[in-house]
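The chains referred to below are lettered A, B, ... by the order of the sequence lines, with proteins before strands, and numbering in each begins at 1.
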Amino acid sequence: MVTNILINEISLNIKKIIMELNLPSIKFTVEPTRSNFGYIMCNVSFLLVKYLHKKPFEIAQLIAKKYQKFLNDLIIKIEPHPTGYLNFFINDSKLNELILKKSCSINYGKTNIGNGANINIEHTSINPNKPIHIGHVRNIIIGDTIARLLKKINYNVNVLNYVDDSGLQVADLIVGFKCLGFNKNPKNSRFDVYCGNVVYIKTTEKYKNDPNLLKIRQNILQELERKQSSTTKFANEITKKILNKQLETCWRLNSSYDCLNFESQIIHSGLWKSVFNKLQEMKLIYYEQKGKNAGCWIVKTRIGNHKNDKIIIRSDGTATYIAKDITYALWKLGIIKDPFNYKKYIMQHDGKILLETTLDDKYSNNVKFSTRKTITVIDSRQSYLQNIISELVKKFDQQIIYTHLKYEAIKLSQDTAKELGLVYENKPIQMSGRKGTYIIADYFLDMLKYNILQKAKKRYNNLDMGTLSKLAENLAVSTLRYEMIKIDLSKMIVFDFKESLDVDGNTALYIQYAYARASRILEKAKIKPSFDVEYELLDNQYEHELIKIIGEYEICICDAAINLAPKIIATYCYKLATLFNSFYEHNTVLNLKNTQLTNARLCLVNSFIFTLQSALSLLGMKATTLL
RNA sequence: GGGUCAGUAGCUCAGCAUGGAUAGAGUGUUGGACUUCUAAUCCAAUGGUCGUGGGAUCGAAGCCCUCCUGACCCA
């Protein structure tokens, strides 16, 4: 809390000055400077122009004069700049000491914005009929990173993963296994890959020529709604087998969950019926008597055109997707009574137990996942649906915060699509499970790992394959996570296989490299870094800039968490690494004649390591000392 | 027909919430730096009518409106 404290102090004093001048309270910003204009800047002079009718510079001079009395031994100078900015200068030695000491504490960066409140975040939620592909990865990584961020600002976070084990896509698989004779125990192939690449695609292709199959699928869908049917049991067996494979991929990506919500159980619990009654009572849905939607129940919505009100129950009595989505949303928000008990599904890679919902009474229900705040990570193609849900749940309780965290989907570049022998168009193509136009996450990771391994082998011919392989795996996962998170959520990612294997420039490898270099210095130093050093010795621009960015860690976390913008952390890591590499190239730490300087710089290197490690862990990346 | 998102350097992207200092990175191209704590690095050069046109403002890449292009969604 170093830079934060300075900012708060300055803000407060400027507010006092504004009051002294009998001016209305205004919103101004106090931020760390970006360029070489002191340490902290304030823009208040610009905002006062319309009240004082003077030039910004004159106002800055006035405020600077009035600020003199607030200066102390930490904030030592205020300087009005001809452009109008107010620049604040800090006692370097004291600042260095404060930041370097603070950054080595275990809780560095931890703040209490969440105040221990519960929050749900749902992500991953992949249909259990195929392997996880690169498009799903964006969802997983965004969701997992946000969960880590929210924990850091002291929310009690529960991560949910919704498994649609009774929808169309699962029914398609059952059709394949039951009617088309696909082997349930394929040899030489991962089960999720086999189901997604072979059974699912082949089955859906057959529908064109065999309409009878569609009728069978319809029957299967209805059977899936019955808890005790043999189809339900069979589907359960298949989907769990796929789900387990998918979870392995998630864990490989360093993501984990608190609870699985199976759609089948939401259906079997009968929750939908009570939700339907409630919606009816509250007059949020209506029965259409005439027109093309005659016989349907419709959701009223103010979104878009009124003509586009959403059907929730078809005229044949079956519920549409939105019915299940609304039910799930209301459960997440605790608006309907929780009918579930919870049992252990599996132990995860990080030692966290993954629970699943169950309707079986012999398990307890003393876990509670519903809360007033919930975040749903789904790509922006679902915006329309999510907006309707958000609008609906607000009608139940104004205090609810239902956030759709949306991001643009990933497409395949034309080159990659061509290489895969997929339909070739002169533009990027959408990933589609049905068309098989996707890149399996594990396959891509394997390629990336292989690539990194080749380079690592040349670098370290003395290391054994086991160590190298572990290193390459860690770096491959880091790289993929970083690539997914550094781009703004609103930007479409066009995935190109060849480009993605490139690891130069702004990549996880660059950041990991800086970390490894720093670790190496500490390793080779004969003394351990201590805080009993002469802080004023750290006075060149490289040292200043590195210390400054370390001091901004908390601001960065708050910024990222409040805006649900994980890329801010990625940018921060990159900047931290850049400034360290620059420091490294221009300053020697070890073997200096001046041992006091070595001590001070060791202390800085140590702080850098702590801060970067912490920031990387927010991104789900394990910092490596070897590279 | 209705809605959402995007458009900034050759390419990929920051910056936009909360207007203010010389619009920043990576990559590409060109040059330079390993006898040194790791060169998967660093330093320098190159490269921009911030999609178009208007508006409000002392001041716009950012705010408001128009249009164009592309992606997606609903019907």
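Both thresholds, 5.5 Å between centres and 30° between ring planes, are met by A:Tyr85 relative to the base of B:A21, so the two rings are stacked. By the 5.5 angstrom centroid cut-off and the 30-degree plane limit, A:Phe37 is classified as stacked against the base of B:A21.
B:A75 and B:G59: their P atoms are spaced 47 Å apart (whole Å). Taking atom C1' on both nucleotides, B:A60 is separated from B:U69 by 23 Å, rounded to a whole Å. The gap from the C1' atom of B:A17 to that of B:G54 amounts to 25 Å, rounded to the nearest Å. B:G2 and B:G47 have their P atoms separated by 45 Å, with the value rounded to a whole Å. The P atoms of B:U36 and B:U12 are separated by 41 Å, rounded to the nearest whole Å.
Looking at the side chain of A:Thr29, the nearest of the listed nucleotides B:C74, B:C37, B:U18 is B:U18. With B:A21, B:C5, B:C74 as the candidates, the nucleotide lying closest to the side chain of A:Lys406 is B:C5. Here B:A21 is the nucleotide among B:A21, B:G15, B:A40 with the atom lying nearest to any side-chain atom of A:Thr33. Of the candidates B:A71, B:U27, B:C74, B:A71 carries the atom nearest the A:Lys427 side chain, counting heavy atoms from C-beta on. Closest to the side chain of A:Leu627, from the set B:C37, B:A40, B:C42, is B:A40. Checked against B:A39, B:C42, B:C72, the side chain of A:Arg517 finds its nearest nucleotide in B:A39. In this structure, the nucleotide among B:C37, B:A14, B:A17 sitting nearest to the side chain of A:Val589 is B:C37. If you check B:A75, B:U41, B:C37 against the side chain of A:Tyr510, the one that comes closest is B:U41. The side chain of A:Asn87 sits closest to B:A21 out of B:A21, B:A17, B:C72. Listed nucleotides B:C37, B:A14, B:C74 differ in distance to A:Tyr384; the shortest reach to its side chain belongs to B:C74.
Checked against ring-ring contact (aromatic ring centres under 6.0 Å, His included), A:Tyr67 has the following partners two or more places apart in sequence or in another chain: A:Phe70, A:Phe88. For A:Glu545, the salt bridge (charged side-chain N to carboxylate O under 4.0 Å, His left out) test picks out no residue, with sequence neighbours left out. Here A:Tyr513 pairs with nothing under the ring-ring contact (aromatic ring centres under 6.0 Å, His included) rule; sequence neighbours left out. A:Tyr407 meets the ring-ring contact (aromatic ring centres under 6.0 Å, His included) test with no other residue; sequence neighbours excluded. Every residue two or more places apart in sequence or in another chain was checked for a salt bridge (charged side-chain N to carboxylate O under 4.0 Å, His left out) with A:Arg314, and none qualifies. Residues meeting the salt bridge (charged side-chain N to carboxylate O under 4.0 Å, His left out) test with A:Asp446, sequence neighbours left out: A:Arg252. Applying the ring-ring contact (aromatic ring centres under 6.0 Å, His included) rule to A:Tyr553 yields the partners A:Tyr108, A:Tyr572; only residues at least two apart in sequence or on another chain are considered.
Looking at heavy-atom distances under 4.0 Å, A:Asp379 makes no contact with the nucleic acid at all. Contact annotation for A:Lys567: backbone-only contact, meaning every heavy-atom pair under 4.0 Å involves sugar-phosphate atoms and none involves a base. Using a 4.0 Å heavy-atom distance criterion, A:Asp559 is classed as a base contact. Using a 4.0 Å heavy-atom distance criterion, A:Ser582 is classed as a sugar-phosphate-only contact.
Within the structure, the salt bridge (charged side-chain N to carboxylate O under 4.0 Å, His left out) test picks out no pair touching residues 42-51 of chain A (sequence neighbours left out).
A:Lys55 and A:Glu58 are not joined by a salt bridge, as no carboxylate oxygen comes within less than 4.0 angstrom of a charged side-chain nitrogen. Between A:Glu408 and A:Arg138 there is no salt bridge, since no side-chain N of the basic residue sits under 4.0 Å from a carboxylate O of the acidic one. Note on A:Lys575 versus A:Glu552: no salt bridge recorded, every NZ/NE/NH1/NH2 to OD/OE distance being 4.0 Å or above.
Within residues 569-578 of chain A, the residues that place at least one heavy atom under 4.0 Å from RNA chain B are, in residue-number order, A:Tyr574.
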Could you go over nucleotides 8-12 of chain B and give all protein N or O partners under 3.5 Å, atom names and distances?
none

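Taking a pair as Watson-Crick or G-U with both hydrogen-bonding distances under 3.5 Å, the stems of three or more pairs touching RNA chain B are B:1-7 with B:68-74, B:10-13 with B:24-27, B:28-33 with B:41-46, B:53-55 with B:63-65.
In the displayed structure, A:Lys548 atom NZ is contacted under 6.0 Å by more than 12 heavy atoms of other residues, nucleotides or ligands.
One atom, OH of A:Tyr584, and another, P of B:C42, lie 12 Å apart when rounded to the nearest Å. With rounding to whole Å, A:Lys55 atom NZ is found 18 Å from B:U57 atom C1'.
Its glycosidic angle being more than 90° from 0, B:C67 falls on the anti side.
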Side-chain donor-acceptor pairs under 3.5 Å in residues 489-503 of chain A, sequence neighbours left out?
{"unit_1": "A:Ser490", "atom_1": "OG", "unit_2": "A:Asp488", "atom_2": "OD1", "d": "2.6"}
{"unit_1": "A:Asp496", "atom_1": "OD1", "unit_2": "A:Ser413", "atom_2": "OG", "d": "2.6"}
{"unit_1": "A:Asp496", "atom_1": "OD1", "unit_2": "A:Thr416", "atom_2": "OG1", "d": "3.4"}
{"unit_1": "A:Asp496", "atom_1": "OD2", "unit_2": "A:Lys498", "atom_2": "N", "d": "3.2"}
{"unit_1": "A:Asp496", "atom_1": "OD2", "unit_2": "A:Glu499", "atom_2": "N", "d": "3.1"}
{"unit_1": "A:Ser500", "atom_1": "OG", "unit_2": "A:Asp496", "atom_2": "O", "d": "2.6"}

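Where A:Ile452 and A:Val494 each meet RNA chain B at their nearest nucleotide, the meeting point lying more 5' is that of A:Val494.
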